[in-house]
Amino acid sequence: MPRQYIHTAIDFPNAAPHMGHVMEKVLADVMARWFRLRGDEVRLHVGADENGIKIQQTAEALGMTPQELVDRNSPLFEELFRRLNISFDYFIRTSDPKRHWPTVVALWNRLKEGGFLEKRTYAGLYCTGCERFVTEKDLVDGLCPDHRQRPEVVKEENWFFLLSRKQDAMKKLLHPKTGTYTMVPSWRGNEVLSFLEGGLADVSFSRSKETLYWGVPVPNEPDQVMYVWCDNLTSYLSSLGFFTDHEMREWWDDAEITDVIGKDIARFHAINWPAMLQCAGVKTPERLLIHGFITSDGQKMSKTLGNVVVPSDVLDLYGVDPLRFYLSHEIPVGNDGDFSWKRFGELYDAKLRNQLGNLLNRVMVLLKKEEIPLAHTKHALRHEAALRWEDFQKAMNAFEFHLAIQAAFDLSQSGNVYIDVHKLWAKKGQEKAEELSALAELLRHISLMLLPFMPETAQKISKQLNVPYIHRMLEKNFVITDAMKEWGSQKEWKRVGEPEILFAPIEK
RNA sequence: CGCGGGGUGGAGCAGCCCGGUAGCUCGCGAGGCUCAUAACCUCGAGGUCGGAGGUUCAAAUCCUCCCCCCGCAACCA
């Protein structure tokens, strides 16, 4: 049985979670659920990136300690992900000195022993007002915008990771044809590849404690703290307890590894991370799934524009599955996407209510009115179902999730057309029983396809239909077997349950 | 300057890799149905597929150049 280790980027908890965080987790979860449903063994990890200067500063501005800040914010992420039914197995926090730090320290030592770390002088612009290093980009007319003073050039001793040595190895690893680390979608990978052509520079791996105190201490160097990319990326190992006595090594060494991350950090995950792993003698991941960014009504979400969409507002109004549906259906993997309340409402009505919900309801009511028992036959619709299963699986395995969910909705469209064309409400006796049973069977297939995307909805549909495996559907070891995909395979399925409105109209 | 993405009927998007009746959702018009969450179904109006060249029997789809929008541009998560 294939083993899959999927992890998302870990989130930066200096503020509350936003829609971009949600999209990434839903994407990873759809993937994880699909792998489980096809029979793979899966672990999904998420987490919070709690160290760094920004956390330090945000905390200071709020008059609290960094620990207090992350203890307040990280649970917001974890709670939101639970509410979204993200089926994660572990939530790693990088301020956790027991779980995270030992792995990071061990990795550091390996890199150092391998000769991949080197102490150098780092020269940077330092603003005494901010008490931190600033970049050219932060400056306005060469001055710090906050303190209106010219930053001074300050030099300090830092550790550097000799990434430049790994240029050829990374080219080989990421080669679209012969490399073992695949970037999905491939056009996102092109950006990384062209960057790689430009040559790699060594990267700063530590800062002086005066600059950065909130982070993992460098072993045996009390005045140095690890810099973000050393500590952050390693969370993917520490969440498995790597290099400790409780490591779950099989989930790395004997697993297919997928990183689910955003386009902004693709480079670090495609290059820095595997380079670090190779230097430390650890296997590199198999797949990098790169998603785009999400806008709000076509514009970048920003507080000044006042167009920030708070995920919990959407959940409060529409519930979990409509949001999962929107993100999966509207935004092809890799593309930038847009969140629009208008579009959301339209889609909710057109697809979820009118197409899917209404189909279920009309079939259920027709069956229930006369208490018609199910009579499974080889029906004309079974070809349609078989074709859509092919589309569905092909799309799912290629991570073209928006096409897969479309296959499920194509089936419900076919169901609605069939009822109309054949005027099923006017049929009588055995014929009516057989025709309506076919529609129920169609809905059973639809519900299975929806399982990775809208688990609760899939279960609700199946519950109304009263399919035999209903109680196992949401369990992690539930597998969609070939038999389940076969038309009329559920011989012991004789009666449907009670009709219920699947998606109610929403008052706006 | 460079790199990546985008420019398709009123709106939002898919199709482009593997050329061959331009598709989807919403909106609009007409008709049908009445089992259903005023839901469903059918038909229709509406596009010189950013511009100009080129390849081809044939280009939204391949090649070249140009214009416009967005992001990145190296340590910033």
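Backbone-only engagement by A/Lys369 is indicated by non-hydrogen atom pairs under 4.0 Å involving sugar-phosphate atoms exclusively. Within 4.0 Å (heavy atoms only), A/Asp336 reaches no atom of the nucleic acid at all. Residue contacts for A/Glu435: at a heavy-atom cut-off of 4.0 Å it reaches no nucleic acid atom on any strand shown. Heavy atoms of A/Ala350 sit under 4.0 angstrom from primed sugar atoms or phosphate atoms, though from no base atom. Using a 4.0 Å heavy-atom cutoff across all strands shown, A/Phe293 reaches no nucleic acid atom at all. Across all strands shown, A/Arg188 has no heavy atoms under 4.0 Å from either base or sugar-phosphate atoms. No engagement by A/Leu424 is indicated, since no non-hydrogen atom pair under 4.0 Å with the nucleic acid exists. Across all strands shown, A/Val417 has heavy atoms under 4.0 Å from sugar-phosphate atoms exclusively, and none from any base. Within the 4.0 angstrom heavy-atom criterion, no nucleotide atom of any strand lies near A/Asn14. As judged by a 4.0 angstrom heavy-atom cut-off over every strand, A/Asp231 is placed among residues making no nucleic acid contact. Nucleic acid contact class of A/Asn354 (heavy atoms, under 4.0 Å, all strands): sugar-phosphate only.
Nearest-nucleotide positions on RNA chain B place A/Val421 closer to the 5' end than the other of A/Val421 and A/Lys263. Mapping A/Glu330 and A/Leu200 onto RNA chain B via the closest heavy atom, the residue that lands nearer the 5' end is A/Glu330.
Distance CG (A/Leu359) to P (B/C33): 21 Å, rounded to an integer number of Å. Note: CH2 (A/Trp425) to P (B/C40) measures 13 Å, nearest angstrom. If you take CZ of A/Phe344 and C1' of B/A11, they are 19 Å apart, rounded to a whole angstrom. Atom CG in A/Asn361 sits roughly 13 Å away from atom P in B/C40 (whole-Å rounding). As a whole-Å value, the separation of A/Leu352 CG from B/U25 C1' is 13 Å. Following rounding to the nearest Å, A/Phe268 (CZ) and B/C75 (P) show an atom-to-atom distance of 9 Å.
Comparing B/U25, B/C26, B/C33 by their closest approach to the side chain of A/Lys423 singles out B/C33. Across B/C26, B/A36, B/A77, the shortest atom-to-atom separation from the side chain of A/Asn232 is found for B/A77. If you check B/U25, B/C40, B/U37 against the side chain of A/Arg353, the one that comes closest is B/U37.
Comparing the same atom, P, in B/U21 and in B/A59 gives a spacing of 11 Å after rounding to whole Å. For B/A60 and B/A22, the P atoms lie 9 Å apart once the distance is rounded to whole Å. Annotation: B/C24 and B/C62 have their P atoms spaced 23 Å apart (nearest Å). B/G20 sits 43 Å from B/U37 when the C1' atoms are compared, rounded to a whole Å. When the P atom is compared between B/G9 and B/A52, the two are found 16 Å apart, to the nearest whole Å.
With A/Phe160 as the aromatic partner, A/Arg120 meets the cation-pi criteria of under 6.0 angstrom to the ring centre and within 45 degrees of the ring axis.
The closest side-chain heavy-atom distance from A/Glu210 to A/Glu156 is not below 4.5 Å.
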Checklist entry - For A/His402 and A/Phe453, what are the C-alpha separation, side-chain angles and deciding distance, and is it a ring-ring contact (aromatic ring centres under 6.0 Å, His included)? => result CA-CA 10 Å; A/His402 66 297; A/Phe453 300 98; over 10 Å; no
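Aromatic pair A/Trp159/A/Phe205: ring centres not closer than 6.0 Å. The six-membered or imidazole ring of A/His291 lies away from that of A/Phe399, with a centre-to-centre distance of 6.0 Å or more. For an aromatic pair to be called close, the ring centres must be under 6.0 Å apart, and A/Phe77 with A/Phe91 fails this.
As the counterpart of B/G31, B/C41 is assigned, both hydrogen-bonding distances of the Watson-Crick or G-U wobble pattern falling under 3.5 Å. With both pairing distances under 3.5 Å, B/U64 is matched to B/A52 as a Watson-Crick or G-U wobble pair. Across the strands present, B/G4 finds its partner in B/C70; the criterion is a Watson-Crick or G-U wobble pair with both atom distances under 3.5 angstrom.
Across all their heavy atoms, A/Val363 and A/Leu436 have their closest contact at CG1-O, 4.2 Å.
Considering only side-chain N and O atoms, A/Asn158 lies nowhere under 4.0 angstrom from the phosphate OP1 or OP2 of B/C75.
For B/G12, the base has no donor-acceptor partner in the side chain of A/Asp338 [N/O atoms by modelled type, under 3.5 angstrom].
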